[in-house]
Amino acid sequence: MASLNTLRTRFGVVLSIIIAFALLAFILSLKTEMGFSGNDPKVGVIDGTKIKYSEYFELYNDVKTQTNASEADEQQMDQLAEMAWEGLISRHVYLPGFEKMGIRVTDAERAGLINGDYYSSVMASLFTDPRTGLYDVEAVGEFLNRAGTDPQLQYLWASVVSRAMQERQASKYGALVDAGVYANSLEVNQAVATSGKTFGGRWTGKRFSEMPDSLYTVSDAEIRAYYDSHKARFEQRPLRTLSYVVFEVAASDEDRAALEQTVREVGDAFAAAEDVRAFARNNRYGKVSDNYIAPGQLLGDQGEILAAGNQYGPVLQNDNWVMSRVVEFKSAPDSIGLRHIVLPYTQNDLADSLMTLLRGGADFAALAERYSLAQTAANGGDAGVMPFSAFPDEFSAPLATAKKGDLLKIAAGDAVQLLQIYRADNASKHMRIATITYPVEPSSATRRSIHNAASLFAVDGRGSIDAFNEAANAAAVTPRVATLSQGDCTLRGVDNSRELVRWAYGAKVGEMSEIFNTGSDYVVAVVTAIDDNEHVALKNVEENIRKILVRNKKRDDLAARMQGAGTTLEEVAQSLGTVGSDIFPFDGLRYNSFIVRNMGIEPRVIGAVATTERTGVLSEPVKGENGVYVFEVTEIENEGGQSAAEEKVRLEAEAQGVVARQLAPAIVELAEIEDLRGKYF
């Protein structure tokens, strides 16, 4: 039975995964109580419901608490933000939808999710016995007994049960949708007719790239007509376009020279230090390694120098000055192979009992499979062969003198491990190393100088977009362009850009920003355009439309020229201005093929070939993606395909796979979500 300590540990890991799909029902029951002195701004709209700052911020903090996550960098903040937003979508789209459809989880089903009568991946991930792979109802009862006096465990339990119930609702909804997916008789009959056939033959044609665009004219009226009739293709979220300049902060030549002098002085003192460990730890850039390492594992001549008892460096490596010395030498096997049994630290008595059995000749692998909590239990506890440098301090001392056949008991962290050594190489020299690493960084004077340049630019460029560009030219910095779509909270390629993005959402066209500190650099931006239209403006896509219309005219022109151009491939090829060598063979083509030999990806051609019933017949022109083609099938082989029942199962499985991938995005799209978080977060 899984221990309570193990369950508590695993809760944190599992909750960080399950919370991403939907809001925990426990959190859903909470009421928004956070106030903003009467100002609680809107951060979005989900399915017609205004999402207030307080609601989102409360959920964001709850998610952060539940997952025990940090906000150390923008990537982690983005992950938390998306988890919270998905929770709001669940609250305002999925759960109300389930309620309207009558999709509920009864009390009996709730009990079944807990006792294992109904499968729940949420419950199984927490209460499956790792030794048996079976759902452990006793572990559930033990956990509930413990939760009776532990508010934190009560909170976790309510959260997990609620999530399991939501999972049950979602699975019911998915089953309803799957029940509506089917393959009709036409699809099945066509699949049966083509599944066992392969086709061989020849083809000729002409690609659009071989035809000059200048031969075809497209009017503005045609472009407008295409745009109006294909509006759905040009839908967009509200956009803001920025022009920004980056003042990169890098170490100057003077900074590098001063740092080198400092490093040389520290290096001399390091070399003379009697207590290497203390010297390294007293230096802000110093570190003593946790493991021992063999000289041969180090690059270049570092291992040889250190093994001889000498100091390595200072040497410049990738903009870092590095120096190192050996703190301690140890003789140890190069590699060790072992099996282990991992137990919670609370089961020390069990560990002693198992050690007694092992010393008496008990089968280690059998005991590992029965008792170990590690994933290696299924393999008899075999952890493999590892270099000595892979072991931390708690293991390095006893393993340094280990021999094949030794049994060891080691307490480390929250676990007790029993080890059986089945391989121990010959002993060799290993080293614990102290390293001091000075990064090459700009000095305070350099930073002030670059900030002053950014400040001067901010003054000269203020007032208009033209002034911004003129100031950039004078400062010899190249403006960069970025587009923010509604919902973006950061600027791609710019570190720590949240403040910049928040400013951009509130700025007007032509308005210039203050100086933003993005990572180590300084950024100044100006808003050059705001586009809140539902569709991309025609002027921004007219060239793409022109290319599409030219391609369509080429397609129609080629098809008309090839229609009736002859009764053989050679005659058609001649009408296109090609020669006999431009008639290409193909073979082994099937209905589900991806490409045509010498042609590329042309699904219309594959479909036309695979539905051909007679050989020796010249096809009609096929309008492809990249050209127009005709072909002649010369060989049809029928190896026999699947039955109608088998094809029906296959087609419906494929359709259900498509539904599974597209269902959630389709629901979100129908909800007409407006994401305004970038203004505030």
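Here the structure is a predicted model, which is why all the values come from computation and not from measurement. No hydrogens, no waters, no symmetry mates; every other heavy atom, side chains included, goes into these values.
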_I want to check something: taking the side chain as every heavy atom from C-beta on, are Thr478 and Val245 in contact at a cut-off of under 4.5 Å?_
no
*Answer with yes or no after comparing the ring centroid distance for Phe391 and Tyr292 against a 6.0 Å cut-off, counting only values under it.*
no
_Polar contact flag, side-chain donor to acceptor under 3.5 angstrom, Tyr438-Asn283_ = yes
*Could you pull out the closest heavy-atom pair between Met431 and Gly303, with the gap in Å?*
CE-O, 4.4 Å
*Is the count of non-hydrogen atoms from other residues, nucleotides or ligands lying under 6.0 Å from Asp532 atom CG greater than 12?*
yes
*Provide the closest heavy-atom pair for Leu419 versus Leu399 in the form atom of the first, atom of the second, distance.*
CD1-CD2, 4.2 Å
_Close side-chain approach of Gln347 and Val416, heavy atoms under 4.5 Å_ = no
*Compare all side-chain heavy atoms of Val288 with those of Arg281 and state whether any distance is below 4.5 angstrom.*
yes
*So, do Thr262 and Arg264 sit near enough that their side-chain heavy atoms are less than 4.5 Å apart?*
no
*Is the closest side-chain heavy-atom distance between Arg498 and Thr490 below 4.5 Å?*
yes
*asked:* Measuring centre to centre across the rings, with the benzene-like ring taken for any Trp, is Tyr522 within less than 6.0 Å of Phe516?
replied: no
*asked:* Between the side chains of Lys429 and Asp334, is the shortest nitrogen-to-carboxylate-oxygen separation below 4.0 Å, so that they form an ion pair?
replied: no
*Which residues pass the ring-ring contact (aromatic ring centres under 6.0 Å, His included) test with Phe329, sequence neighbours left out?*
none
*Enumerate the residue pairs fulfilling salt bridge (Lys or Arg N to Asp or Glu O under 4.0 Å) with a member in residues 374-400, sequence neighbours excluded, ordered by first and then second residue.*
Asp393-Arg432
*N/O donor-acceptor pair under 3.5 Å between Ser455 side chain and His451 backbone*: yes
*Audit row: Glu82, Arg677, salt bridge (charged side-chain N to carboxylate O under 4.0 Å, His left out) steps and yes/no*: CA-CA 11 Å; Glu82 286 310 304; Arg677 291 175 294 159; 3.1 Å; yes
_Pair Asp255, Thr446: side-chain N/O donor-acceptor within cut-off below 3.5 Å_ = yes
_Pairing residues for Phe388 by the ring-ring contact (aromatic ring centres under 6.0 Å, His included) criterion, not counting sequence neighbours_ = His430
*asked:* salt bridge (charged side-chain N to carboxylate O under 4.0 Å, His left out), that's the test. Do Lys404 and Asp406 meet it? Break it down for me.
replied: CA-CA 6 Å; Lys404 183 178 178 180; Asp406 283 356; over 6 Å; no
